[in-house]
Amino acid sequence: MTAPVFRFAPSPNGALHLGHAYSALLNHDMARAAGGRFLLRIEDIDTERSTPAYEQAIYDDLTWLGIEWDHPVRRQSEHMDDYRSALDALIGEELAYPAFMSRGEMRAFVAEAEADGTPWPRDPDGVPLPPHVDRERGAAERQRLIADGVPYSWRLDITAATARAQSLPFWEETGSGPDGETGRIRADPAAWGDVMIARKDMPTSYHLAVVVDDALQDVTNVVRGRDLFHATSVHRLLQELLGLVPPVYHHHSLILDAEGRKLSKRFGDSGIGALRAAGMTPADIRRMVGLEPELR
Ligand code: GLU
């Protein structure tokens, strides 16, 4: 049997905070306990918000925490060709369509549909599902809009896609799903509607890149925050459509602030850099996130 492969995959669009430290340390501890490898992936497809300084801070913070990772680091911005091939495969199978509606147009459409008091369906993150306007356009209209230079993203036709891959399971290792789910879980990708698989400015979105990378990097164990539990349904569907081997999932609990809110990159005082500057040690950080002291 080959050694398990774990990964930590931060986005360099803000400073790492205690929640990231927990995720990175947990991944690292689990990889070590399993005699596996630990990879670091920089998820920097968001070119507007990602910066070299945040990326460098990730390396510095993880090194300070005592984390070592395999090289080379995979930086998503350098692998657009891999995502383009996966996207082309989905387009070739007629599972994806160009989506021209702007966010504002979608908001207006949903507001109008809700004007009579009927709530528009929402995805698991509470965002209104995209209307079917773009899905229903004919080939000639799509060609005209493209020729007119109207920008477009790509969305998965969730009806066509789920018809190809019915009753998809995924494996949740620890009962760490939001409701304590364990073992074989039934994925529910339809809850996301026609999910975006490529943004207007690039041949991928978070969902497509994460699935392609986990497969190309032979990741066997995805250990990440519970906030991504429902996204796993989309990932399982994409894996199935692209013929990729699924990893095992472990969605860990989130570190909350004193008011019980999920930490975000806006809360500067829980940033690793700020905690280090305040005199904390890596052992203090392990204690704060509830991890056992490191075994040497
Ligand atoms: N890049 C994502 C984030 O920073 C994590 C992706 C994942 O672990 O699947 O939230």
Side-chain angles (χ1 to χ4, degrees), residues 4-28 30-31 37-51 54-55 57-59 61-62 67 69 73-79 82-83 86 124-125 127 170-174 176-178 187 189 192 195-197 199 202 204-239 242 244-256 261-267 270-272:
V5 180
F6 292 73
R7 81 335 184 246
F8 176 58
S11 304
N13 56 13
L16 295 190
H17 55 58
L18 269 184
H20 297 106
Y22 176 55
S23 199
L25 288 165
L26 184 64
N27 260 291
H28 189 249
M30 288 176 77
R37 295 167 57 208
F38 174 72
L39 311 179
L40 173 62
R41 183 164 75 225
I42 299 293
E43 300 213 323
D44 59 350
I45 59 169
D46 185 350
T47 45
E48 268 163 39
R49 294 194 304 145
S50 298
T51 71
Y54 283 134
E55 184 176 332
I58 290 173
Y59 302 135
D61 288 346
L62 295 181
I67 291 177
W69 56 89
V73 168
R74 185 173 170 94
R75 300 173 73 241
Q76 290 188 324
S77 57
E78 294 169 353
H79 298 280
D82 291 332
Y83 312 134
D125 283 346
V127 177
F170 68 89
W171 193 261
E172 179 74 34
E173 205 180 38
T174 50
S176 52
W192 291 92
V195 73
M196 192 189 289
I197 52 169
R199 296 157 42 141
M202 64 186 67
T204 190
S205 68
Y206 157 66
H207 295 303
L208 188 61
V210 92
V211 158
V212 168
D213 285 351
D214 284 340
L216 284 177
Q217 296 190 285
D218 296 320
V219 170
T220 57
N221 294 70
V222 169
V223 176
R224 62 183 177 192
R226 223 169 252 186
D227 50 341
L228 290 169
F229 177 80
H230 292 291
T232 303
S233 286
V234 175
H235 301 171
R236 276 299 291 120
L237 176 59
L238 290 172
Q239 286 155 359
L242 294 166
L244 307 175
V245 179
V248 167
Y249 289 89
H250 173 136
H251 293 96
H252 60 69
S253 54
L254 301 175
I255 307 287
L256 303 177
R261 282 174 310 198
K262 187 183 136 186
L263 295 180
S264 90
K265 290 176 175 163
R266 283 174 295 119
F267 298 112
S270 57
I272 312 294

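When a ligand or atom number is given, it counts from 1 through the structure's own listing order. What you see is a predicted model, and the numbers here were worked out from it, not measured in a lab.
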Does ligand 1 have any atom sitting under 4.0 Å from a heavy atom of Phe8?
no
Ligand 1 atoms nearer than 4.0 angstrom to some heavy atom of Val210 are 9 (O)
Find all atoms of ligand 1 within a distance of less than 4.0 Å from any non-hydrogen atom belonging to Glu43, and give their numbers and elements.
1 (N), 2 (C), 5 (C), 6 (C)
Look at the side chain of His79 and the backbone N and O of Gln76, then say whether any donor-acceptor pair between them is shorter than 3.5 Å.
no
Minimum side-chain heavy-atom gap Asp46-Tyr206 below 4.5 Å
no
Quick one: do the Arg41 and Gln217 side chains pair a donor with an acceptor below 3.5 Å?
yes
For the residue pair Glu43 and Pro12, what are the closest heavy atoms and their distance?
O-CD, 3.4 Å
Counting from 1, what ligand 1 atoms have a heavy atom of Arg224 closer than 4.0 Å?
7 (C), 8 (O), 9 (O)
Kindly assign one of parallel, tilted or perpendicular to the pair His251 and Tyr249, based on the angle between their ring planes and the thresholds 30° and 60°.
parallel
Could you list which atoms of ligand 1 come closer than 4.0 Å to a heavy atom of Ser11?
1 (N), 3 (C), 4 (O)
Give the minimum heavy-atom separation between Ala86 and Leu242, together with the two atoms involved.
O-CD2, 3.7 Å
Tell me, please: is Arg7 in heavy-atom contact with ligand 1, that is, under 4.0 Å?
yes
Consider every N or O of Ala9 and every N or O of ligand 1, then say whether any pair is closer than 3.5 Å.
yes
